[in-house]
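Working notes, structure below.
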Amino acid sequence: MTQQGFGSIAVLTGAGISAESGVPTFRGENGLWRQYRAEELATPWAFQRDPTLVWEWYDWRRGLIASCAPNAAHQTLVEMDRRCQNFMLVTQNVDGLHQRAGSERVLELHGNIWQVRCTEENTVFENHDVPLHQVPPGCSCGALLRPHVVWFGETLDPETLGAAYRAVEGCDLMLVVGTSAVVQPAASLPAMAKDRGAYLIEINLEKTPLSAYADEVILGAAAEELPKLWLRLEESLC
Ligand code: OAD
């Protein structure tokens, strides 16, 4: 690692950071639910065709996530949030575990599984029912509710994405933790930081498309490696 001090940190997380909490990743061995891949269920077309099936999948994921607790990697990011003046955590995860751990500055690029949205009126509600009282759940106006998450083929909330771009463009250290880095636009954030001169560190069990241009690639489990990395980084904060 360079000897320079880091004044501004941006972090991008993916499903791998929650793996040790017990939340299955999307592209891993246990990424299938029944026989379906995430790409087959997390789409507006799948919902249009079979809202019950899509909601059954979300109901299952919500139940699983509710029984999981944040792990040491989530906790380390809480410490970073508290210690660094210029810090932003950008996550692709919809599980809400960063907030449950205590992170405050979090941008959820793909939404949150604990929020639902009316398909007619677009009103967003918190909903923590596990299991859901009714599948698929309905709004009081009579329309269907859908998960307030971003599906394949849908655009990200422009304000959230804009804030993520700003955080990444202004950082001098970027950490990328537990993402396969194949889903856009999230996957392009690390390259953006690197192009602007940031030092890029990746933590993952295996190499990804990012690894070739990261300054450091740490192969290992996030809950083990991120706390160790933080011990090292704390000394170079300015
Ligand atoms: P993926 O399931 O694609 O990738 C998870 C990554 O985490 C893989 O690269 C694993 O090697 C790594 N990994 C697994 N366990 C780990 C551990 N204990 N420590 C460190 N790394 C570990 O998940 P994402 O990259 O988050 O989008 O997927 C991106 C998006 O695609 C998701 O947000 C979701 C998905 O389909 C939508 O639903 C729109």
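We count ligands from 1, going down the list as the structure has it; atoms in each ligand are counted the same way.
- Salt bridge present: Lys194 and Asp215 bring a charged side-chain N and a carboxylate O closer than 4.0 Å.
- With ligand atoms numbered from 1 in the order given, ligand 1 contributes 11 (O) to contacts under 4.0 Å with heavy atoms of Glu206.
- Looking only at protein heavy atoms, the nearest one to atom 27 (O) of ligand 1 is His110 ND1, 3.5 Å.
- Within ligand 1, counting atoms from 1 as listed, the ones closer than 4.0 Å to a heavy atom of Ala222 are 17 (C), 19 (N), 20 (C).
- Shown in contact with Gly14 at under 4.0 Å from a heavy atom are these atoms of ligand 1, numbered in order with element: 26 (O).
- Within a 6.0 Å radius of CD in Gln48, other residues, nucleotides and ligands contribute 12 heavy atoms or fewer.
- Considering only residues two or more places apart in sequence or on other chains, Glu121 meets the side-chain contact (heavy atoms from CB on, under 4.5 Å) condition with Cys118, Thr123, Cys139, Cys141.
- Protein heavy atom closest to atom 9 (O) of ligand 1, with residue, atom name and distance, is Asn204 ND2, 3.0 Å.
- From the protein, the heavy atom lying nearest to atom 23 (O) of ligand 1 is Ala15 CB, 3.4 Å.
- Contacts of Ala19 with ligand 1, taken as heavy-atom pairs under 4.0 Å, involve the side chain alone.
- In Val150, the part holding a heavy atom less than 4.0 Å from any atom of ligand 1 is the backbone.
- In the displayed structure, His133 atom NE2 is contacted under 6.0 Å by at most 12 heavy atoms of other residues, nucleotides or ligands.
- Looking only at heavy atoms of the protein, atom 36 (O) of ligand 1 is closest to Phe152 CZ, 3.1 Å.
- Screening residues 130-149 for salt bridge (Lys or Arg N to Asp or Glu O under 4.0 Å), with sequence neighbours left out, gives Arg146-Glu154.
- In this structure, Gly220 counts as a contact residue of ligand 1, since one of its heavy atoms falls inside 4.0 Å of the ligand.
- Both the backbone and the side chain of Thr25 come within 4.0 Å of ligand 1, counting heavy atoms alone.
- For a threshold of 3.5 Å applied to N or O pairs, the pair formed by Thr208 and ligand 1 contains no separation below that value.
- Taking atom 34 (C) of ligand 1 as the reference point, the nearest protein heavy-atom neighbour is Phe26 CE1, 3.6 Å.
- Salt bridge annotation for Glu79-Arg82: absent, with no cationic side-chain nitrogen under 4.0 angstrom from a carboxylate oxygen.
- Tracing side-chain contacts under 4.5 Å through hydrophobic residues (I, L, V, M, F, W, Y), one reaches Val177 starting from Trp230; they form part of the same cluster.
- Between Trp55 and Leu144, every side-chain heavy-atom pair lies at or beyond the 4.5 Å cut-off.
- Within 6.0 Å of CD on Gln184 lie more than 12 heavy atoms contributed by other residues, nucleotides or ligands.
- Below 4.0 Å from some heavy atom of Val183 lie the following atoms of ligand 1, by number and element: 29 (C), 30 (C), 31 (O).
- Within the 4.5 Å cutoff, side-chain heavy atoms of Trp151 are placed close to those of Val54.
- With contacts defined as side-chain heavy-atom distances shorter than 4.5 Å, the pair His74/Ser103 does not qualify.
- Remark: ligand 1 atoms within the under-4.0 Å shell around heavy atoms of Glu20 are 17 (C), 18 (N), 19 (N).
- Relative to atom 14 (C) of ligand 1, the option among Thr179, Val149, Leu205 with the closest non-hydrogen atom is Leu205.
- Here the heavy atom of the protein found nearest to atom 29 (C) of ligand 1 is Gln92 OE1, 3.3 Å.
- In terms of protein heavy atoms, atom 6 (C) of ligand 1 is closest to Gly178 O, 3.5 Å.
- Nearest non-hydrogen protein atom to atom 31 (O) of ligand 1 is Arg27 NH1, 3.1 Å.
- Enclosure of atom CD in Glu104 is not indicated, since only 12 or fewer non-hydrogen atoms of other residues, nucleotides or ligands lie within 6.0 angstrom.
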